Amino acid sequence: MLKEDYNVIGVMSGTSLDGVDLVYVNFKVNDDVWSFNCLDTETVSYTAGWGERLKNLTELSQKDLQQIDCDYTVYLAEIIGKFINKYKLKHIDAVCSHGHTALHQPNKGLTYQIGNRKLLAEKLNQLVVCDFRVQDVSLGGEGAPLVPIGDELLFKDYDFCLNLGGFANISTKINNERIAYDICPVNIVLNHYVNQLGFAYDNAGKIASSGMVSKQLLEDLNGLDFYKKSAPKSLGLEWVKAIFLPIIESYNLQIKDVLSTVCEHVAIQISKAVKDKSQTKVLITGGGAYNTYLIERLKSMTSQEIVIPKNVIVDFKEAIVFGLLGVLKLRNEINCLSSVTGAKNNHSSGTIFKP
Ligand SMILES: Nc1ncnc2c1ncn2[C@@H]1O[C@H](COP(=O)(O)OP(=O)(O)OP(=O)(O)O)[C@@H](O)[C@H]1O
Ligand SMILES: CC(=O)N[C@H]1[C@@H]2OC[C@@H](O2)[C@@H](O)[C@@H]1O[C@H](C)C(=O)O
């Protein structure tokens, strides 16, 4: 008889490099119906040193990557350990950790998240479930996005679940089947440019709102091949560096105009993704939900009802869902949907490390 009640720690480090999101969350399952309750949450910002190290992972040699994988596992163990102590967490069924994506080229059979070593379980003296993407890629899938199983089990009241993190991704149902895909880069690019002005991010999109859209750059970005592909599809930092940034650089624009043009581009791509008028309710989560300018541009291009919750879900949905992926793995139940990733079959993904 499987348990019906789990307390886990969900841990997520996203691509926009703002920090590590942690959530202590309770899941209950009753007749296959799942519910959750967030008990404690925290975002630990990256130190300048870690921010820099994580920015350049795609350029590292195999040996340096292995070293950083070990160092990052130790760093994650410290962060998670402090979280456990701070909130005096006693009942922990598992720590369910995504790690940080270092490499993602699913067409070459490659996806690699650092911080997912057995050492994490040993240092924390906890059961750890991690490495959720690798099996999906080995089964021919994109290995991303993985959060849609959470949209299916926890957020099914929404017609679309849109997350605005480093990349924008969306999930929805078509003919009773869940599909999802990465739409386009968002904060990974906005942060890259606003960093050059000395800011971590463009607060509320104020700088973008003061810029002018470059029609030519906008056209070039909207014309990228990735947007012509149909789902399943996913994006990685490698694509941003090789394809997206060089187009922007070829224009030599002022940064405020780059930000403005990228926001316009993102709003256009998202409005295309939510264009099905029979589906109306769009949940928006992720740090990009605070980019008021971007949200205004998006609202001007769509008639859908946009819901940005005023609670922890905006910042912690991904960490919550990685908690759920871990619980599903412990139950040996499906946590990766082939309709979403394109893998050969639905499967139960992740590695379990005992302390
Ligand atoms: N007030 C704000 N105004 C504008 N942008 C903001 C604001 N607050 C956060 N952001 C943006 O959101 C980013 C963080 O978003 P989030 O934590 O959802 O990203 P992530 O975890 O890296 O996501 P993903 O895993 O989906 O790539 C910040 O780096 C910043 O760009
Ligand atoms: C390979 C990888 O780490 N992908 C991330 C990234 O960040 C956003 C987007 O690109 C999404 O595909 C995914 O993360 C979310 C949490 C997911 O798997 O659902």
Side-chain angles (χ1 to χ4, degrees), residues 10-22 41 43-46 51 54 57-58 98-106 110-116 131-134 136-137 141-152 161-171 178 180-195 199-209 231-240 259 262-263 266 284-295 308 313-322 324-325 335-337 340-341 349:
V11 187
M12 174 70 194
S13 170
T15 41
S16 64
L17 286 179
D18 56 327
V20 182
D21 296 329
L22 301 118
T41 60
T43 297
V44 179
S45 300
Y46 281 123
L54 296 177
L57 299 174
T58 52
H98 169 266
H100 185 85
T101 294
L103 305 171
H104 187 64
Q105 295 162 44
L110 175 68
T111 190
Y112 180 11
Q113 284 68 43
I114 57 170
N116 288 338
D131 234 357
F132 293 100
R133 301 194 192 274
V134 173
D136 193 77
V137 170
E142 290 288 318
L146 297 187
V147 165
I149 185 74
D151 300 340
E152 182 67 27
C161 292
L162 172 69
N163 193 74
L164 302 177
F167 296 93
N169 58 43
I170 195 154
S171 103
R178 185 148 299 266
Y181 56 96
D182 287 347
I183 301 175
C184 60
V186 186
N187 294 315
I188 203 166
V189 171
L190 297 178
N191 289 358
H192 173 78
Y193 284 101
V194 86
N195 286 170
F199 303 108
Y201 56 86
D202 180 13
N203 191 11
K206 287 212 180 79
I207 304 174
S209 73
K233 56 179 179 173
S234 67
L235 287 167
L237 179 58
E238 294 93 322
W239 179 85
V240 172
L259 297 174
V262 172
C263 282
V266 170
I284 302 191
T285 55
Y290 301 112
N291 188 325
T292 321
Y293 175 69
L294 172 62
I295 300 296
I308 302 177
I313 289 168
V314 174
D315 294 316
F316 294 96
K317 177 170 174 257
E318 292 183 340
I320 295 165
V321 174
F322 276 97
L324 177 67
L325 264 89
N335 61 9
C336 284
L337 300 172
V340 166
T341 64
S349 183

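When reading the values below, keep in mind they use all heavy atoms of this one structure, side chains included, and skip hydrogens, waters and symmetry mates. Each residue takes its place number in the sequence, starting with 1. Quantities reported herein were computed from a predicted structural model and do not represent experimental measurements. Read the numbers this way: they start at 1 and go in the same order the structure lists the ligands and their atoms.
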Asks: To which protein heavy atom is atom 10 (O) of ligand 2 closest, and what is the distance rounded to 0.1 Å?
Replies: Phe167 CD1, 3.4 Å
Asks: Where on Ala204 is there a heavy atom closer than 4.0 Å to ligand 1, on the side chain, on the backbone, on both, or on neither?
Replies: backbone
Asks: Within the 4.5 Å heavy-atom criterion, are Leu164 and Ile295 side-chain neighbours or not?
Replies: yes
Asks: With heavy atoms of Gly286 as the reference, note each atom of ligand 1 found under 4.0 Å away.
Replies: 18 (O)
Asks: For side chain to side chain contact (heavy atoms under 4.5 Å, CB included), just list the numbers for Asp202 and Tyr193, CA-CA rounded to whole Å, side-chain angles, deciding distance to a tenth of an Å, and then say yes or no.
Replies: CA-CA 9 Å; Asp202 180 13; Tyr193 284 101; over 6 Å; no
Asks: May I ask you to list the atoms of ligand 2 that are less than 4.0 angstrom from any heavy atom of Thr101?
Replies: 1 (C), 2 (C), 3 (O)
Asks: Are Leu294 and Val186 packed together at the side-chain level, in the sense that at least one heavy-atom pair is separated by less than 4.5 angstrom?
Replies: yes
Asks: What is the nearest protein non-hydrogen atom to atom 7 (O) of ligand 2, stated with its residue, atom name and distance?
Replies: Thr15 OG1, 3.4 Å
Asks: Looking only at protein heavy atoms, identify the closest one to atom 19 (O) of ligand 1 and say how far it is in Å.
Replies: Ser16 OG, 2.9 Å
Asks: Where is the tightest heavy-atom contact between Phe167 and Pro185, given as atom of each residue plus distance?
Replies: CD2-CA, 3.6 Å
Asks: Can you list the ligand 2 atoms lying under 4.0 Å from a non-hydrogen atom of Met12?
Replies: 16 (C)
Asks: Check whether any N or O atom of Thr111, backbone or side chain, sits under 3.5 Å from an N or O atom of ligand 2, and answer yes or no.
Replies: no
Asks: Which residue supplies the protein heavy atom nearest to atom 23 (O) of ligand 1, what is that atom called, and how far is it?
Replies: Gly165 CA, 3.3 Å
Asks: State plainly whether the residues Asp151 and Lys317 are in salt-bridge range, i.e. N to O under 4.0 Å.
Replies: yes
Asks: Using a 4.0 Å cutoff against the non-hydrogen atoms of His104, which atoms of ligand 2 qualify?
Replies: 1 (C)
Asks: Please examine the side chains of Asn335 and Ser349, heavy atoms only from C-beta on, and report whether any two atoms are closer than 4.5 Å.
Replies: yes
Asks: Return the residue, atom name and 0.1 Å-rounded distance of the protein heavy atom closest to atom 25 (O) of ligand 1.
Replies: Glu318 OE1, 2.9 Å
Asks: Side chain, backbone, both or neither: which part of Val147 has a heavy atom under 4.0 Å from ligand 2?
Replies: both
Asks: Looking only at protein heavy atoms, which one is nearest to atom 8 (C) of ligand 2, and how far off is it?
Replies: Asn169 ND2, 3.6 Å
Asks: With a heavy-atom distance limit of 4.0 Å, tell me whether Asn203 approaches ligand 1 through its side chain, its backbone, both, or neither.
Replies: both
Asks: Measure the distances from the heavy atoms of Leu190 to every atom of ligand 1 and state whether one is below 4.0 angstrom.
Replies: no
Asks: Going by side-chain hydrogen bond (donor to acceptor under 3.5 Å, both in side chains), Glu318 matches just one of Thr285, Asn163, Asn169. Which one?
Replies: Asn163
Asks: I'd like to check whether Asp182 has a polar contact with ligand 2, where a contact means an N/O of the residue lying under 3.5 Å from an N/O of the ligand.
Replies: yes
Asks: Got the closest protein heavy atom to atom 28 (C) of ligand 1, with its distance?
Replies: Asn191 ND2, 4.0 Å
Asks: Report the member of Asp18, Val194, Asp202 with the shortest heavy-atom distance to atom 17 (O) of ligand 1.
Replies: Asp18
Asks: Considering only the protein, which heavy-atom contact is closest to atom 17 (C) of ligand 2, and what is its distance?
Replies: Leu146 N, 3.3 Å
Asks: So which bit of Pro145 gets within less than 4.0 Å of ligand 2, heavy atoms only: side chain, backbone, both or neither?
Replies: both
Asks: If every non-hydrogen atom of Ser209 is compared with every non-hydrogen atom of Tyr293, which pair is closest and at what distance?
Replies: CB-CD1, 3.4 Å
Asks: So, do Ile170 and Tyr181 sit near enough that their side-chain heavy atoms are less than 4.5 Å apart?
Replies: yes
Asks: Do Asn291 and Tyr201 come close enough that some side-chain heavy atom pair is under 4.5 Å?
Replies: no
Asks: Under 4.0 Å, heavy atoms only, figure out whether ligand 1 is touched by the backbone of Tyr201, its side chain, both or neither.
Replies: side chain
Asks: Heavy-atom contacts with Gly288 under 4.0 Å: which atoms of ligand 1 show up? List them by number with element.
Replies: 12 (O)
Asks: Could you say whether the N/O atoms of Ala144 and ligand 2 ever approach to under 3.5 Å?
Replies: no
Asks: Tell me which one of Val20, Val44, Asp21 satisfies side chain to side chain contact (heavy atoms under 4.5 Å, CB included) with Val11.
Replies: Val20
Asks: Which residue is it: Val340, Thr341, Asp182? I am looking for the one with a side chain to side chain contact (heavy atoms under 4.5 Å, CB included) to Ser234.
Replies: Asp182
Asks: I need the single residue from Asn195, Val262, Val266, Ile207 that forms a side chain to side chain contact (heavy atoms under 4.5 Å, CB included) with Leu190. Which is it?
Replies: Val262
Asks: When you compare the side chain of Asp315 with that of Thr41, does any pair of heavy atoms fall below 4.5 Å?
Replies: no
Asks: Looking at atom 16 (P) of ligand 1, what's its closest protein heavy atom, distance included?
Replies: Gly287 N, 3.6 Å
Asks: Should you measure from each heavy atom of Met12, which atoms of ligand 1 turn up under 4.0 Å away?
Replies: 25 (O)
Asks: Locate the shortest heavy-atom distance separating Ile114 from Ala102; write the atom from each residue and the value.
Replies: CG2-CB, 4.0 Å
Asks: Is there a side-chain contact between Leu235 and Val240 in this structure, where contact means two heavy atoms from C-beta onward sitting under 4.5 Å apart?
Replies: no
Asks: Nearest to atom 14 (O) of ligand 2, what protein heavy atom do you find, and at what distance?
Replies: Arg133 NH2, 3.1 Å
Asks: Looking only at protein heavy atoms, which one is nearest to atom 21 (O) of ligand 1, and what is the separation?
Replies: Gly14 CA, 3.4 Å
Asks: Considering only heavy atoms, does Thr15 approach ligand 1 within less than 4.0 Å through its side chain, its backbone, both, or neither?
Replies: both
Asks: Could you list which atoms of ligand 1 come closer than 4.0 Å to a heavy atom of Asn163?
Replies: 26 (O)
Asks: Would you call the rings of Phe132 and Phe322 parallel, tilted or perpendicular, taking 30° and 60° as the class edges?
Replies: tilted
